[in-house]
Asker: 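Input: one structure, supplied below.
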Amino acid sequence: MSKIDEKLEPVLDQVLRRNAGELEFHQAVTEVLESLGRVVAKYPSYLENALIERICEPERQIIFRVPWVDDQGQVHINRGFRVQFNSALGPYKGGLRFHPSVNVGIIKFLGFEQTFKNALTGLPIGGGKGGSDFDPRGRSDGEIMRFCQSYMTELHRHLGEYTDVPAGDIGVGGREIGYLFGQYKRLTNRYEAGVLTGKGLVYGGSRARTEATGYGAVYFVERMLATRQLTFENRRVVVSGSGNVAIYTAEKITEFGGKVVACSDSSGYVVDEAGIDLALLKEVKESRRERISEYARLKGDGARFSDTGSIWDVPCEIAMPSATQNELTGRDAKALIENGVIAVGEGANMPSTPEAVRFFREAGVLFAPGKAANAGGVATSALEMQQNASRDSWTFEQTEQRLADIMRRIHDTCASTADEFGTPGDYVLGANIAGFVRVAEAMRALGVI
Ligand code: GLU
């Protein structure tokens, strides 16, 4: 049963037809269009000039061959992508994902989400996303470098600090951004620091960028909890994933007095009732790049590793899904609700399935959608661009303060938008409408482009 307003049905039908088989993209567009029914009822002018159709169609999609040579001298071919979704508010901005599951539909869903997320930050950034089906797992440093150089050899002609500014996502961290920036600089003969974000501190990166997505998600949830006079203090929290987002989510929760009892990777999850040891987690994941089972092995008695079942069966009061899309299903949501979850904050992009989101909303669980809760990463990327443009470098405290302010503002915008449209406490609706309105107003001002 579709909850789409009948005036928006033809828009969705066209998206489904034109992007056949791209299920994640269908999912992301459907969710936003479901929220927009209330907007077009109140402001029918948004239906004019095919504005909503235009928002659903990327401005440009680039697909290219990425050949590279492994350590044994064998040639491999991967597929590279960059979807430049919307530049009404600023240069295309969004990360690169290197993972074998990447295809054009995944990049399109991420680019679509990114457009609204970036709008919610209030900063001058459009939306884009890119990546490759390259699998970095088990690859040497040299192989990663040659892959990044080959990828950038094609991509560089589409980038620029006023055109398109990539950053990291799954499989792309500080090391990869370094190789990508090195190759961009070499090809263009320009030290154009603002063309990539997530850079290392020695060559134009921003303090707090590494921590920003995780810290920001916790600031958002803190503010959301406060609407019910609740805090993180002494709460049991489960954070799925163990990449950059999960690690710094767990760090900030711990600082706020919460206890993170479980985290995971694609091989399984660990439960540590004493609270996840962050130094050990960083050692296993950031330094050694090992599987999560190593955490349990090194920790000894206190921790247990499981490679069966779901991390969401571990009882908790706050859940922060921070691994990947559709990792939290309707079944998982039911288990969390039965175990008394009070709040869910999405650190990853679209980690809850539509059914899971429905269950949370019906049960009155505080639910922060990824495009609002995880916007701290890209917001701090915009602060990095600002520092690059002014050839300045801010302190950690100054940058984190800006991040905290931005996250609280995003929270309040989502909350007041939900109030305005008659659904108080519905952050999904608030985020989708507030993000849409900002992009739509800019597009309207720019004419039919
Ligand atoms: N990949 C991150 C996101 O989903 C960061 C993007 C960026 O900093 O450009 O928001």
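When a ligand or atom number is given, it counts from 1 through the structure's own listing order.
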Asker: Taking all atoms of both residues into account, what is the closest heavy-atom pair of V32 and K371, and its distance?
Answerer: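 Taking every non-hydrogen atom into account, CG2-NZ, 4.1 Å.
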
Asker: Would F85 and F112 satisfy ring pair (Phe, Tyr, Trp, His ring centres under 6.0 Å), going step by step from the backbone distance to the final call?
Answerer: CA-CA 7 Å; F85 222 105; F112 183 77; 5.8 Å; yes

Asker: From the options E222, E211, E400, select the one residue that forms a salt bridge (Lys or Arg N to Asp or Glu O under 4.0 Å) with K252.
Answerer: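 Looking at E222, E211, E400, the match for K252 under the salt bridge (Lys or Arg N to Asp or Glu O under 4.0 Å) is E400.
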
Asker: How far is atom 5 (C) of ligand 1 from its nearest protein heavy atom, and which residue and atom is that?
Answerer: R209 NH2, 3.4 Å

Asker: Short list, please: which atoms of ligand 1 are under 4.0 Å from a heavy atom of A167?
Answerer: 7 (C), 8 (O), 9 (O)

Asker: With the threshold set at under 4.0 angstrom, would you say A375 reaches ligand 1 through any of its heavy atoms?
Answerer: no

Asker: I want to confirm something. Looking only at heavy atoms, which of I170, V172, D169 is nearest to atom 1 (N) of ligand 1?
Answerer: D169

Asker: Can you list the ligand 1 atoms lying under 4.0 Å from a non-hydrogen atom of K117?
Answerer: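 This gives 3 (C), 4 (O), 10 (O) as the contact atoms.
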
Asker: Test ring pair (Phe, Tyr, Trp, His ring centres under 6.0 Å) on F98 and Y151; report intermediate values, then the result.
Answerer: CA-CA 11 Å; F98 292 170; Y151 181 84; 5.4 Å; yes

Asker: Count the heavy atoms belonging to other residues, nucleotides or ligands that lie under 6.0 Å from CG of D392, then report whether that count exceeds 12.
Answerer: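 Atom CG in D392 is crowded, with more than 12 foreign heavy atoms closer than 6.0 Å.
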
Asker: What atoms in ligand 1 come closer than 4.0 Å to a heavy atom of S381?
Answerer: 7 (C), 8 (O), 9 (O)

Asker: Less than 4.5 Å apart, side chain to side chain, heavy atoms only: is that true for V260 and T249?
Answerer: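 SC-SC contact between V260 and T249 ruled out.
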
Asker: Quick check: closest heavy atoms across A379 and L123, and the distance to 0.1 Å?
Answerer: O-CD1, 3.7 Å

Asker: Looking only at protein heavy atoms, which one is nearest to atom 9 (O) of ligand 1, and how far off is it?
Answerer: K93 NZ, 2.7 Å

Asker: I need the nearest protein heavy-atom contact for atom 6 (C) of ligand 1: residue, atom name and distance, please.
Answerer: G95 N, 3.5 Å

Asker: Below 4.0 angstrom from a heavy atom of Q114, which ligand 1 atoms are there? Numbered from 1 as shown, please.
Answerer: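 Matching atoms, with element in brackets: 3 (C), 4 (O), 6 (C), 10 (O).
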
Asker: Examine the proximity of ligand 1 to N349 and report which part, side chain or backbone, both or neither, has a heavy atom under 4.0 Å away.
Answerer: side chain

Asker: Should we say atom OH of Y162 is surrounded by more than 12 heavy atoms from elsewhere, each under 6.0 Å from it?
Answerer: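 12 or below, so no.
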
Asker: With a 4.0 Å heavy-atom cut-off (strictly under), which part of K129 contacts ligand 1: side chain, backbone, both or neither?
Answerer: side chain

